[in-house]
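Some notes on the structure that comes next.
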Amino acid sequence: MASILKSGLPVALCSDHAGWATKQAVIAYLEKEGIPYKDFGTYNEESCDYPDFAHLAAVAVESGECYPGIAVCGSNTTMLTSSLCPAVS
């Protein structure tokens, strides 16, 4: 099976407070599989300015620091913010 992972690059992760628990499940899976990741936040279930985290993750993917990126949210705002970076689709 083909993989979208790029050797030597961590997976970018971000979430809003509603997606935090799901992001924790993704982190557990990545750790179990030995897949490196970089968590751009949020770091708990408290309400926050989550587009900031989505922007950081999207810029990391766009710059080549991370690939791919996984954004988890309850409102689609995180996804919409991520899509504002030209290289992120």
Side-chain angles (χ1 to χ4, degrees):
M1 175 161 67
S3 173
I4 65 168
L5 300 176
K6 289 189 178 179
S7 181
L9 292 180
V11 174
L13 299 175
C14 67
S15 72
D16 65 1
H17 56 280
W20 183 81
T22 300
K23 185 180 70 168
Q24 298 313 300
V26 171
I27 288 171
Y29 173 81
L30 294 174
E31 288 178 346
K32 181 180 123 208
E33 296 297 320
I35 299 170
Y37 65 90
K38 185 168 182 179
D39 186 355
F40 290 92
T42 187
Y43 303 109
N44 56 48
E45 293 178 296
E46 293 178 22
S47 185
C48 61
D49 194 9
Y50 42 85
D52 291 343
F53 303 118
H55 179 75
L56 292 173
V59 168
V61 171
E62 185 176 47
S63 72
E65 175 188 347
C66 297
Y67 191 87
I70 299 172
V72 184
C73 73
S75 67
N76 287 333
T77 304
T78 302
M79 305 307 176
L80 293 172
T81 301
S82 298
S83 70
L84 296 176
C85 288
V88 176
S89 58

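Quick caveat: nothing in here was measured; it's all calculated off a predicted structure.
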Legend entry - Crowding at OH, Tyr29 (>12 non-hydrogen neighbours, <6.0 Å):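 Counting neighbours around OH of Tyr29, 12 or fewer heavy atoms of other residues, nucleotides or ligands fall under 6.0 Å, so no.
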
Legend entry - Plane angle bin for His17 and Tyr50 - parallel if under 30°, tilted between 30 and 60°, otherwise perpendicular: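 Geometry flag for His17 against Tyr50: tilted rings.
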
Legend entry - Val11 and Pro68, any side-chain heavy atoms less than 4.5 Å apart: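 Counting from C-beta outward, Pro68 and Val11 do come under 4.5 Å.
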
Taking only distance into account, with no hydrogens and no angle test, what donor-acceptor pairs under 3.5 Å do side-chain atoms of residues 32-42 form with protein atoms, sequence neighbours excluded?
| residue | atom | partner | partner atom | Å |
| --- | --- | --- | --- | --- |
| Tyr37 | OH | Glu31 | OE2 | 2.6 |
| Lys38 | NZ | Glu65 | OE2 | 2.7 |
| Asp39 | OD1 | Lys23 | NZ | 2.7 |
| Asp39 | OD1 | Gly41 | N | 2.9 |
| Asp39 | OD2 | Lys23 | NZ | 3.2 |

When rounded to the nearest 0.5 angstrom, what is the spacing between [atom1] in [X] and [atom2] in [Y]?
X	Y	atom1	atom2	result
Glu62	Tyr67	CD	OH	13.0 Å
Ile70	Thr22	CD1	OG1	11.5 Å
Trp20	Cys14	CH2	SG	15.0 Å

Legend entry - Nearest atoms (heavy-atom pairs only) where Val61 meets Ala12: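 Between these two residues, the closest heavy atoms are CG2-CB, 3.9 Å.
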
Inset, instruction - Say whether Leu56 and Val72 are linked into one hydrophobic cluster, either directly or through other cluster members, by side-chain heavy-atom distances under 4.5 angstrom. - result: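 Different clusters.
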
